[in-house]
Amino acid sequence: MDASRLTAIGDERFAQGRLDEAMSAYRQALSLSPGFGAARAGLDAILERARTPRPNEHLIALLLEGYADEGANWDALGWGAAHQLVVGWPKSATPAEMAGNGLLLEFLRKSLNRDATLERHLVALRAATARLLLQPEPSPAVVALAAAIAQQAWQNEYIWPDDPAVPDGIAGAMYRPQPQPQPDALEERRLAAELPELAPITDAVSQSVAAMYEANPYPRWTHLPRRPTLDVRASLQRDFPHARAVDFETPLAVLMPGAGTGQHPLLVASTYDNVEVTAVDLSRTSLAYGKRMAARHGVGNIEFLRGDILDLPRLGRVFDHVECVGVLHHMADPRAGLLAISAVMRPGAFLRLGLYGEGGRKIVEKARRDIAAARIPPTLEGLRDFRRRVMGGDLGRLAGLTAWEDFWSASLLRDLCFHVQEHRFTIPRLRAFLEGSGLTFLGFEFNAGSAHRAVAEADPIALYRARFRNETTLSDLARWEQLECEKPALFAGYAFVCQKD
């Protein structure tokens, strides 16, 4: 049996909840073909979810294997690794003891911590490690542990509290950026200065958003996992069989407006079959990060441009496919942004969009009000202060924010709660947003990630099919509006696909 068939078996078992059998099938596939992306993705998804009441040596071994694989999804592995570290954390953990914990070292270097209990352990371990480093001749193991903690601090952008008593150097690197710029930062400055510009940014809100992302490029990421190659148009036509079939010449011209630091565009460029990607963003600093990472990962089929979505028609060309997730709701006029995107789409092109939902961001709305009332600034110290109030109970009604993935680093948290511009949608607003845009709504995507997970008691697709048995395309927004009125929490956010008329 080949790796492809074993992976298909793993996928079937996964869907049935038979995770041990799925894991076995994925591992067999990887033993036959170590670089098989679909099997690696399936195994990583299980390890991400794995929870045990006490440390599990088998799971720890699999997590370490994953961290040793450059193609694994280290972000996904981090969830399972954090759990294993928490349930196995010694009551009196010392730096000397924890320096020998291979899983801890790999986790600190390669995954962003998103666990409150583990953060408390790590902050205490950091302080103990700093004390040892300030003594004469600290052991090489403790120095290596400090370097791993410093890497974690770089990943979370120094969101943990600082201690001014700890001097710069090996110890200080666990607390704050060091005076001497790192080579990567110098390279990004050079790349930023060289980026071509679509047009000067003139819109006032766009200027404010650009300034925010120049200060906090979003997101900071470190690794590009290996994914199976995907024919994106064939995949979307399978998912939305009512879409109009159109054949385009290859390579497919893909536009990524609001590209940020390039994580999503580079996944598209490295995963979608036979594509050329154009990544556009307001922030030179963000784009330079993405360009550096493209070179690091050998992704050459991508172009980076600094510019405003409003100026996309100045490109003078059209695109076969567009993905714009989590972007338009940060514009002064999201519809103007949509129309600018539609204007550069070839007839029949698909557009993937992701927008904030009113129902799913109630706690964020509360946070924004509390931040404004307390006049907490969007600086690093302000972000630290806000986290201290949330995690310490002063802002107890916001404790649920710790369950959000974006609570755990400076750029993530600023984007989540301190953004200079935010719109939120409902189905009626979405209908008005799309009306007259030259785009046909094809349907929602409910597998687009935690930011767009359904939070209702029942599966949205099952609800729709049960209620509207004669409407098989699941693309009638008026009917989705009925369901949302009955269940306001049906959507945490909106991830959906349109097609250019």
- Task: State whether R292 and E188 are salt-bridged, where the test is any N-O pair (Lys NZ or Arg NE/NH1/NH2 against Asp/Glu carboxylate O) under 4.0 Å.
- Result: yes
- Query: Are side-chain heavy atoms of I309 and M331 found at a separation under 4.5 Å?
  - Reply: yes
- Query: Under the ring-ring contact (aromatic ring centres under 6.0 Å, His included) criterion, do Y213 and H419 qualify, and how do the steps go?
  - Reply: CA-CA 10 Å; Y213 288 123; H419 208 288; 5.5 Å; yes
- Item | Evaluation steps, ring-ring contact (aromatic ring centres under 6.0 Å, His included), between F441 and F496 | CA-CA 8 Å; F441 176 82; F496 57 98; 5.8 Å; yes
- Task: Search all heavy atoms of A349 against all heavy atoms of D320 and return the closest pair with its distance.
- Result: CB-O, 3.1 Å
- Query: Sequence neighbours excluded, which residues qualify as ring pair (Phe, Tyr, Trp, His ring centres under 6.0 Å) partners of Y158?
  - Reply: none
- Query: According to the interplanar angle, ranging from 0 to 90°, do the rings of W74 and H223 count as parallel (below 30°), tilted (30 to 60°) or perpendicular (above 60°)?
  - Reply: parallel
- Query: Do the ring centers of F425 and F433 come within less than 6.0 Å of each other?
  - Reply: yes
- Message: Ring centres under 6.0 Å, that's the criterion: do Y356 and H330 meet it?
- Response: yes
- Item | From T402, D75, N156, residue fulfilling side-chain hydrogen bond (donor to acceptor under 3.5 Å, both in side chains) relative to R114 | D75
- Query: Between the side chain of R387 and the main-chain N/O of F407, is any donor-acceptor distance below 3.5 Å?
  - Reply: yes
- Query: Just by modelled atom types, is the S342 backbone N or O under 3.5 Å from a matching donor or acceptor in the K500 side chain?
  - Reply: yes
- Message: Rounded to the nearest 0.5 Å, what separates atom CD in E157 from atom CZ in R220?
- Response: 4.5 Å
- Is the gap between the ring centers of F491 and F446 under 6.0 Å? yes
- E194 with R189: basic N within carboxylate O range, under 4.0 Å: no
- Item | Short N-O contact, R233 and E249, less than 4.0 angstrom | no
- Message: Which label fits H121 and W89: parallel for a plane angle under 30°, tilted from 30 to 60°, or perpendicular past 60°?
- Response: parallel
- Message: Regarding N301 and Y272, do their side chains bring together a donor and an acceptor under 3.5 Å, going by distance alone?
- Response: no
- Query: Going by atom types alone, do D11 and Y26 pair a side-chain donor with an acceptor below 3.5 Å?
  - Reply: yes
- Message: ring-ring contact (aromatic ring centres under 6.0 Å, His included), that's the test. Do Y175 and W160 meet it? Break it down for me.
- Response: CA-CA 7 Å; Y175 288 82; W160 297 345; 9.0 Å; no
- Could you tell me whether D69 and R226 have a side-chain N and a carboxylate O separated by less than 4.0 Å? yes
- Look at the side chain of D281 and the backbone N and O of G260, then say whether any donor-acceptor pair between them is shorter than 3.5 Å. yes
- Message: So for atom CZ, which belongs to R190, do other residues, nucleotides or ligands contribute more than 12 heavy atoms lying within a distance under 6.0 Å?
- Response: yes
- Task: Please test D459 against Y464 for side chain to side chain donor-acceptor pair (under 3.5 Å), starting from the C-alpha separation and ending with a verdict.
- Result: CA-CA 9 Å; D459 174 67; Y464 190 101; over 6 Å; no
- Item | Close aromatic pair by centroid cut-off 6.0 Å: F418 and F386 | yes
